[in-house]
Amino acid sequence: MWRATRKKFPAGPSEVLKRWSFGPLNNNPLEYFTTIAREYGDIAGLRILNFKTIFINHPDLIEEVLVTNARLYSKGRVLRANRHVFGEGLLTSEGDFWLRQRRLTQPAFHRARIASYAATMVEYAQRMMDGWRSGEERDAHGEMLRLTLQIVGKTLFDADVERDAQEVGKSLELLLEIGANFRRTIFVPHWLPTPANLRVKREVARIEKIIYRIIGERRASGRDAGDLLSMLLAAQDEDGSRMTDKQLRDETITLFLAGHETTASTLSWTWWLLAQNPAAEAKLHAELDAVLGDRPPTLDDLPKLVYTGHVITESLRLYPAAWGLARLAVEDHEIAGYPVTKGMGVTMAQWVVHRDPRWYDAPEEFRPERWENDLLKRLPRFAYFPFSGGPRQCIGNTFALMEATLILATIARKFRLRLVANHPVVPLASITLRPRHGVRVVLEARQQKQAANFLTGEQSAVAD
Ligand code: HEM
């Protein structure tokens, strides 16, 4: 039986040997990890059967794992178990293969290149709103999913996926719902013909069909669209060989999935938070009116949309789309005196660290203004890490922040999203943190200068 030796860590006596039960982990992982941190402090050893993992909850330890000693780890069990979905794409591949692919992909995410995507992001958001009518009820999460999928499709693959968006969105939703069962993900081999596995297979096949069509169309046309897909198609190994359709499929499916659901969820949580915090919403509107007046935002407006940016930063703190990270040790070593043996897991949860009162006043409250006066610079580096850090940090972080800010500005300039009473908005901690039943809202055109009090249902005139 594995025993951790009793050690002290700066935050106090904080180690423990705990039997890791999959029940609460499966049912409510957010609460489970929060409780572990509250009861055991910054480092705790957990085990179930032969699986051992160390849960760490201090920014300095997290930095040690993700940055300083990154070479001692590979990706964790949940991502590994999803290889049949992501293949050897950037998110799941390892070692030299990963490095080569990361270098190939990186230019598509350089700041200057991303800047050229800004107009597409705003244009697609406007196009979506063309179909919106004031007073109409919609699922904000479904809307955000379709929008961000179209944006990733257009910017990285120059493909208009509007007609596919609904299908891919639905398949993805099912995949993430199934993926939320960690016990099944880790313990049931994906090739077993269980009902859940058969569903996963069907949904992956559906997404693949679309992706292979996009790849096939581009190969056939031989067109250099100057986008990521063209770069990947043109890339050659030292021996002159090019990427196979399977490799292209893996990178494409990874970027489609990693690059749209995360930003969509961030925006969905943002609408939900804003609808419950009228003061923050009013401040956001005031900034948008002052900076933009009656025109949509452009890239050049971003430095002036300071509060809008803080709204996104705060939303990513409270509802980080990547709510937890896991690694596997590839060598024996120690963390803060804990023996870590090869094959042991290390888990970190943004959900927990981002709500730690040591780093944030009133951590459960939505307060975009907390980011004023450079809070980020005053925090320990890994007290806020929605995009992870170190070599495996999110390649799309600048893309995502720009996209979320521009979409928020474009939509909030025109519409308020009022929550539909009694619709449950519940976090589902799958690979990403998403609203389990969506976020049902009533659209309210802002120029009407009317606001419905979503709690009482009363209509009242507002000075917009
Ligand atoms: C708010 C939005 C986003 C969040 C919160 C987010 C978060 C993350 C995190 C935490 C990781 C690291 C995972 C780990 O270390 O295990 C990651 C990796 C990754 N993300 Fe994002 N992401 C977002 C948007 C995007 C976008 C827009 C794209 C692409 C268009 C993208 C593509 C990727 C890829 C390819 C990786 C793997 C990188 C590698 O290992 O080399 N992400 N993301």
Side-chain angles (χ1 to χ4, degrees), residues 62 65-67 70 73-82 86-106 108-110 113-114 117 120-121 144-145 147-157 227-229 232 250-270 309 311-328 345-351 353-354 382 384-408 431-434:
I62 294 170
V65 171
L66 294 178
V67 186
Y73 302 96
S74 66
K75 289 290 179 107
R77 289 191 184 94
V78 172
L79 276 183
R80 279 179 169 221
N82 276 294
F86 297 112
E88 290 293 319
L90 267 186
L91 194 61
T92 35
S93 58
E94 303 280 357
D96 290 345
F97 182 79
W98 162 77
L99 189 60
R100 171 181 176 270
Q101 296 298 97
R102 175 106 189 183
R103 285 187 180 142
L104 272 177
T105 311
Q106 198 74 55
F109 292 95
H110 281 160
R113 176 64 76 103
I114 288 175
Y117 304 150
T120 306
M121 292 166 174
M144 296 302 109
L145 279 172
L147 175 61
T148 54
L149 185 69
Q150 288 169 16
I151 290 173
V152 164
K154 185 69 187 164
T155 51
L156 299 184
F157 305 101
D227 61 2
L228 178 65
L229 186 56
L232 294 176
D250 292 351
E251 293 305 352
T252 310
I253 205 165
T254 298
L255 285 161
F256 261 121
L257 301 198
H260 95 282
E261 215 272 340
T262 42
T263 315
S265 289
T266 302
L267 283 160
S268 305
W269 292 120
T270 305
V311 167
I312 297 294
T313 308
E314 180 70 345
S315 171
L316 272 167
R317 180 183 72 82
L318 278 172
Y319 289 88
W323 63 274
L325 295 172
R327 295 290 187 263
L328 281 179
V346 177
T347 308
M348 304 141 268
Q350 285 96 329
W351 174 270
V353 179
H354 287 185
F382 281 84
Y384 183 77
F385 61 119
F387 296 103
S388 183
R392 302 303 298 252
Q393 77 172 319
C394 179
I395 201 170
N397 59 354
T398 313
F399 181 113
L401 288 176
M402 184 174 96
E403 181 184 23
T405 312
L406 284 174
I407 292 176
L408 176 61
I431 298 177
T432 57
L433 186 68
R434 53 208 299 272

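For ligands, and for the atoms within them, numbers begin at 1 and follow the listed sequence. What you see is a predicted model, and the numbers here were worked out from it, not measured in a lab. All heavy atoms count here, side chains included; hydrogens, waters and symmetry mates do not.
At a 3.5 angstrom cut-off on N or O pairs, R102 counts as close to ligand 1. Of the N or O atoms in L90, one or more lie within a sub-3.5 Å distance of an N or O in ligand 1. Taking any N or O of T263, backbone or side chain, none lies under 3.5 Å from an N or O belonging to ligand 1. Considering backbone and side-chain N/O atoms, R327 comes within less than 3.5 Å of an N/O atom of ligand 1.
The protein atom (non-hydrogen) at minimum distance from atom 40 (O) of ligand 1 is R392 NE, 2.8 Å. For atom 26 (C) of ligand 1, the closest non-hydrogen atom on the protein side is G259 CA, 3.4 Å. L325 CD2, 3.7 Å is the protein heavy atom nearest to atom 13 (C) of ligand 1. Nearest protein heavy-atom neighbour of atom 20 (N) of ligand 1: C394 SG, 3.2 Å. Scanning all protein heavy atoms for the shortest distance to atom 23 (C) of ligand 1 gives T262 OG1, 3.4 Å. Here the heavy atom of the protein found nearest to atom 6 (C) of ligand 1 is F387 CD2, 3.6 Å. Ranking the protein heavy atoms by distance from atom 14 (C) of ligand 1 puts K75 NZ, 3.3 Å first. Ranking protein heavy atoms by distance to atom 34 (C) of ligand 1, first place goes to I395 CG2, 3.8 Å.
Under a 4.0 Å heavy-atom criterion, Q101 is not in contact with ligand 1. Under a 4.0 Å heavy-atom criterion, W98 is in contact with ligand 1.
To the nearest 0.5 Å, atoms CD1 (I114) and CG (N397) are separated by 7.5 Å.
When non-hydrogen atoms are compared, ligand 1 lies under 4.0 Å from the backbone of L91 as well as from its side chain. Looking at F399 against ligand 1, only its side chain comes within 4.0 Å, counting heavy atoms.
Listed for the Y73 side chain is no donor-acceptor partner under 3.5 Å among the backbone atoms of V346. In this structure a side-chain-to-backbone donor-acceptor pair under 3.5 Å is present from Q350 to F385. Counting only distance, with no hydrogens or angles, the side chain of S265 and the backbone of E261 share a donor-acceptor pair below 3.5 Å. A donor-acceptor pair under 3.5 Å links the side-chain atoms of R392 to the main chain of L90, judged by distance alone. A distance-only check finds a donor-acceptor pair linking the side chain of H354 to the backbone of R317 [under 3.5 Å]. When atom types are taken as modelled, the side chain of T92 and the backbone of E88 share no donor-acceptor pair closer than 3.5 angstrom. Of the possible polar contacts, one joining the E94 side chain to the K75 backbone as a donor-acceptor pair under 3.5 Å is found.
The ligand atoms of ligand 1 that sit less than 4.0 angstrom from a heavy atom of T266 are 1 (C). Close approach of ligand 1 to F109 is summarised as follows: ligand atoms under 4.0 Å from at least one heavy atom of the residue are 29 (C), 30 (C). Atoms of ligand 1 found under 4.0 Å from any heavy atom of S388, numbered from 1 in the order shown, are 10 (C), 12 (C), 15 (O).
For atom 32 (C) of ligand 1, the choice among A404, A326, A258, S315 with the nearest heavy atom turns out to be A258. Of the candidates A400, S265, P386, P320, the one placing a heavy atom closest to atom 10 (C) of ligand 1 is P386.
Between I407 and I151 there is a side-chain heavy-atom pair separated by less than 4.5 Å. With a 4.5 Å cut-off on side-chain heavy atoms, V65 and L325 do not count as touching. A heavy-atom distance below 4.5 Å is found between the side chains of M348 and L66.
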- How far apart are the C-alpha atoms of F109 and L156, what are their side-chain angles, what is the distance that settles it, and do they pass the side-chain contact (heavy atoms from CB on, under 4.5 Å) test? CA-CA 9 Å; F109 292 95; L156 299 184; 4.0 Å; yes
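Aromatic ring pairs are classed by plane angle as parallel below 30°, tilted from 30° to 60° and perpendicular above 60°; the pair W269 and Y319 is parallel.
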